[in-house]
Every structure is written in C-alpha cells, then in structure tokens.
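Taking it in order: structure first as structure tokens, then the write-up.
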Amino acid sequence: MFGTIWKFSDQIDDEDILFAQRSFITYNMAVDYYKMSYRAVTRVADRSGAFYKLHKKVLINRAIFEDYLRKNGKDGRKKVCAK
C-alpha cells in the first residue's frame with residue numbers, strides 16, 4: 001500500500017482503497033462517498049478552492065477538499081475543542 005493508508009487497513013474496505021487512489025473526483029462521487037448533499041459538496045468545494053472546471057466537466061481536488069473538511073467540518077464551521 002502507499003502513503004499512510006496501511007495504518008488503517010483493518011478499518012477500510014475496497015471502496016475506500018479505490019477512492020483513495022483518485023486525485024480528482026466528481027460532485028456525484030463526493031455526494032455518495034462523504035454522505036453530504038449536492039449543495040453542501042458544491043459549497044465546500046467552492047470555499048476550499050478545490051474545484052477545477054475542464055470545459056463542461058467539473059472536478060474536485062480530493063486532497064484540498066478533505067483537508068478543508070478536516071479543519072472545518074462538514075458544515076463549514078471551524079471545529080472547537082470542548083473542554
């Protein structure tokens with residue numbers, strides 16, 4: 001395996017491995033994988049600057065998109081540690 005995905009090999013399935021191999025994903029793929037609405041995916045992709053338009057096709061840079069989700073969460077608000 002590549003990167004650090006091997007650390008979580010007991011927690012992931014074939015779908016996760018195939019998805020991790022992609023650098024760019026479509027909106028529909030993101031909706032299915034992240035279990036977010038289409039509108040939420042488009043909003044997060046726009047805010048993070050992760051979308052690229054090639055003629056009529058729009059792709060999302062998965063690394064930038066996931067980094068934004070890690071920092072801000074699915075709802076777009078910054079995570080605050082509760083004490």
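For Tyr27, the side-chain hydrogen bond (donor to acceptor under 3.5 Å, both in side chains) test picks out no residue, with sequence neighbours left out. Listed by chain and residue number, nothing satisfies the ring-ring contact (aromatic ring centres under 6.0 Å, His included) test with Phe51 (two or more places apart in sequence, or in another chain). In this structure, the salt bridge (Lys or Arg N to Asp or Glu O under 4.0 Å) partners of Asp67, at least two apart in sequence or on a different chain, are Lys71.
Transitive grouping of hydrophobic side chains (ILVMFWY, heavy atoms separated by less than 4.5 Å) keeps Phe24 and Val58 in distinct clusters.
For the atom pair CG (Asn28) and OH (Tyr38), the distance works out to 6.5 Å, reported to the nearest 0.5 Å. The distance from atom CZ of Arg22 to atom OH of Tyr33, rounded to the nearest 0.5 Å, is 12.0 Å.
Residue pairs meeting the side-chain hydrogen bond (donor to acceptor under 3.5 Å, both in side chains) criterion with at least one member in residues 51-63, sequence neighbours excluded, are Arg62-Glu66.
Closest non-hydrogen pair, Ile64 versus Ser48, comes out as CG2-O, 3.5 Å. Summarising the geometry of Val41 relative to Val31, their closest heavy-atom pair is CG2-CG2, 3.8 Å, with the distance given to 0.1 Å.
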- Task: With side chain to side chain contact (heavy atoms under 4.5 Å, CB included) as the test, would you mind laying out the steps for Ile60 and Thr26 before giving the verdict?
- Result: CA-CA 6 Å; Ile60 301 171; Thr26 63; over 6 Å; no

- Query: Given Val44 and Leu69, is the side chain to side chain contact (heavy atoms under 4.5 Å, CB included) satisfied, shown in steps?
  - Reply: CA-CA 8 Å; Val44 171; Leu69 287 178; 3.9 Å; yes

